[in-house]
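Just so it is clear: chains get the letters A, B, ... in the order the sequence lines come, proteins before strands, and each one is counted from 1. Basis for what follows: all heavy atoms, side chains included, without hydrogens, waters or symmetry-related copies. Everything quoted here is computed from the prediction, not taken from an experiment.
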2 protein chains.
Amino acid sequence: MKKKQTIKDIAHAAGVSIGTVDRVLHKRGKVSKKSMEIVTKVLNELDYKPNPIARTLKNNTIYSIKVLLPDPKKDHYWKRCMEGINEIIVEFGAFDFEIEIYCYDPSKPKSFSKIGEQLIQTENLDALLFVPLFEKESNTLLKKLNTRQILSGTFNSSLSNNLVDQHTGQDLYSSGRVAAKLIYDLIKPHSRIAIIHIDEAFNNAIHMKQKEQGFSSFFKEYSSFEIKTLTLNSNEFQSKFPDFVEQFNPIDAFFITTSKVYEVPEALKSQGTKSKMVGYDLLLRNVECLKKGEMDFLIHQNPKIQASLGLKGLIEKLIFEKEIPKKRLLPIDIVNSENVESYLI
Amino acid sequence: MKKKQTIKDIAHAAGVSIGTVDRVLHKRGKVSKKSMEIVTKVLNELDYKPNPIARTLKNNTIYSIKVLLPDPKKDHYWKRCMEGINEIIVEFGAFDFEIEIYCYDPSKPKSFSKIGEQLIQTENLDALLFVPLFEKESNTLLKKLNTRQILSGTFNSSLSNNLVDQHTGQDLYSSGRVAAKLIYDLIKPHSRIAIIHIDEAFNNAIHMKQKEQGFSSFFKEYSSFEIKTLTLNSNEFQSKFPDFVEQFNPIDAFFITTSKVYEVPEALKSQGTKSKMVGYDLLLRNVECLKKGEMDFLIHQNPKIQASLGLKGLIEKLIFEKEIPKKRLLPIDIVNSENVESYLI
DNA sequence: TAAAAAAGTGTTATCGTACACACAAACTGT
DNA sequence: ACAGTTTGTGTGTACGATAACACTTTTTTA
């Protein structure tokens, strides 16, 4: 039963003062070669780890973190992210933090830029966590964050470059392949498959493309399927979707690449046909469809965990100086009517 | 930008010393009615919460936690639990803890009782986390833990009573239903389904039973399926399984309730028939089968997360006095050949 | 060679909480 | 009325890490 080593123990073992040990630990210089050697030697031998508790106690600055995500009022998907953020705020409530959430309009790149611009003007901003729906605008923001030495984190969507300090998300290409495999198991050869992209306003373009590429890559190994793609935004759905269905009929399976899955069974009801269906995200309306048997699988993007892990990473980096991986990929959860409850807790 | 309230702030606002505030906070008496009133009033007004960080700093005791789980050498499934435990040990390495792992033979209840008995004899044991494979023996242990005021936690298997302080696991009944739904989607009506229980030595009896009940409950809604059950232990597999298959042939789908799924495709190879198959756990051999297309789905019990969350809960209870829920149910993950990698990181 | 600058080292206050201790004021009993 | 007890209150120190500060020793410069 050995007690944890403290800086005092190290100092004593090395025959120096705690001041010297501290200078070695923080590489603050002003240490002789001799002291340096003996302290590092003792440090390695005794496996010293500074007590994070004591460290944060002394360092009583108030860290400021801002979170910027799409408005949940415009798209319900983001509500769960908000919940994840709020959970972390509670969890770290005992620490001196000032965390504020801001929302932008997911259909307006300018709204993103504008709020982003305001946020980085904040005095003493320590970290910014955001959802980079718009590639160009996000990169502009990131560059400014980097020059100002502000810690950056993204989640949900990913950027192709390496500018961000930390990213939390899913591999969308694999996610498309998962959907493909699920559908493949449900249908017969020579079936007809429709890929439907329903977006607010063509912003998730990269997002949807990656899923489609994964999906297609899977079916390339099997030539006997006919696959067609329809891309439309939310408003066009009522007008364009029925036409598409009529022309491509009969459709054996649908792969919907966004969370607006619930639109499809609704629209198909008049048709009377029963198709296999795989889509994204556990929105209330999607879950209802799943339970009613109107769709087969949902792929869970785990927005809550993505957001909370992202924020947690930034916080721990700030207060514990914990190193965080540049990229963290979460599992791709397959959800059907029977395990959906287990994800909703 | 408001700083966190400290005990000093409260004392100042109430016009008393921090000692008095402290006595009010800890109900240690020796406080006049007048002081009591004004301090509680200020306390409520300013929404004071003591800093748990500073609190633990003072309390420099070394906590002792023991973990008792089935030997990974006897059953590979437990290897990942071990990994989860070790990750947490690293994560909390900076704190004063003494965590030790002990293993018992999953086929011998006596081995569990014996080591359990030894562990609770330990002086100053603060918490015990264990896998309660054996109901009777586990309850005996739990009662002793309770009388000795030792914090208790279980994971993976659950007990029907309420004696344990904290449990982390999955709902096995639902898990059986998930398997049922997966199989249902893959086969035609009037198919024949086999439920196979392969156990080391009939210890997971409750475990397997719960899964079977969930599975059956799903198919009760559809009368047109023929379901047969085979229960055997690992050693009997070679001899009894082929007979069973021959008698019940053709079998359209298999539901294997334990992690020994990999045995089945192997045994069926000589048969030449292709059946649907759903089983449990991401053992290396199971993953190989999944990738080769020899089985359709695996249900992931997430042993690593179960173990690590369980241990983390106990630790946080001890050092931060964080309240932990009596029961924590993890999601039931559905795994196919395309998302399996995302769970193996 | 003396003065100035730099390098190296130890001491100490601080963060917020907890608790022992000291001390004063208000009571008790003889 | 005075010693002894109880009650109430404030002060001081500890926990471990950190960094400012003070001090000594060495090196550089004029």
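Side-chain atoms of B/T122 do not come within 3.5 Å of backbone N or O of B/L125 as any donor-acceptor pair. Side-chain N or O atoms of A/K4 include one that pairs as donor or acceptor with a backbone N or O of B/G93 at under 3.5 Å.
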Between the protein and nucleotides 10-16 of chain D, which nitrogen or oxygen pairs are less than 3.5 angstrom apart?
unit_1, atom_1, unit_2, atom_2, d
D/dG10, OP2, B/S17, N, 2.8
D/dG10, OP2, B/S17, OG, 2.9
D/dG10, OP2, B/T20, OG1, 2.9
D/dG10, N7, B/R23, NH2, 3.1
D/dG10, O6, B/R23, NH1, 3.2
D/dG16, OP1, A/K3, NZ, 3.3
D/dG16, N2, A/A54, O, 3.3

Write out a two-atom table: protein N or O, nucleotide N or O from nucleotides 4-7 of chain D, distance below 3.5 Å.
none

### Task
Show your working on side-chain contact (heavy atoms from CB on, under 4.5 Å) between B/L141 and B/L128 and close with a plain yes or no.
CA-CA 10 Å; B/L141 183 61; B/L128 177 65; 3.9 Å; yes

### Task
Could you check A/T140 against A/S113 for side-chain contact (heavy atoms from CB on, under 4.5 Å), going step by step and ending with a plain yes or no?
CA-CA 9 Å; A/T140 312; A/S113 313; over 6 Å; no

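Remark: A/Q149 CD is loosely packed, at most 12 non-hydrogen atoms of other residues, nucleotides or ligands lying under 6.0 Å away. The number of heavy atoms from other shown groups lying within 6.0 Å of NZ (B/K326) is above 12.
In this structure, B/L25 places its CG atom 11 Å from P of C/dC19, rounding to the nearest Å. When the P atom of D/dT25 is taken as reference, atom NZ of A/K34 falls 14 Å away, rounded to whole Å. At whole-Å resolution of the value, CZ in B/R28 and P in C/dC21 are 13 Å apart. C/dA7 atom C1' lies 14 Å from atom CE of A/M36, rounded to whole Å. Taking atom NE2 of B/H12 as the reference point, atom P of D/dT9 lies 18 Å away to the nearest angstrom. In this entry the distance linking NZ of A/K33 with P of C/dT9 reads 13 Å, nearest Å. In this structure, A/I319 atom CD1 and C/dG16 atom P are separated by 15 Å, rounded to whole Å.
Ring orientation note: the planes of A/F134 and A/F112 are nearly perpendicular, at an angle over 60° on the 30°/60° scale. Using a 30° and 60° split on the angle between ring planes, B/F95 and B/F97 fall in the perpendicular class, above 60°.
Proximity of A/I315 to A/I65: side-chain heavy atoms (C-beta onward) are separated by under 4.5 Å at one or more points.
Note on A/T56: nothing from the nucleic acid sits closer than 4.0 angstrom, heavy atoms only.
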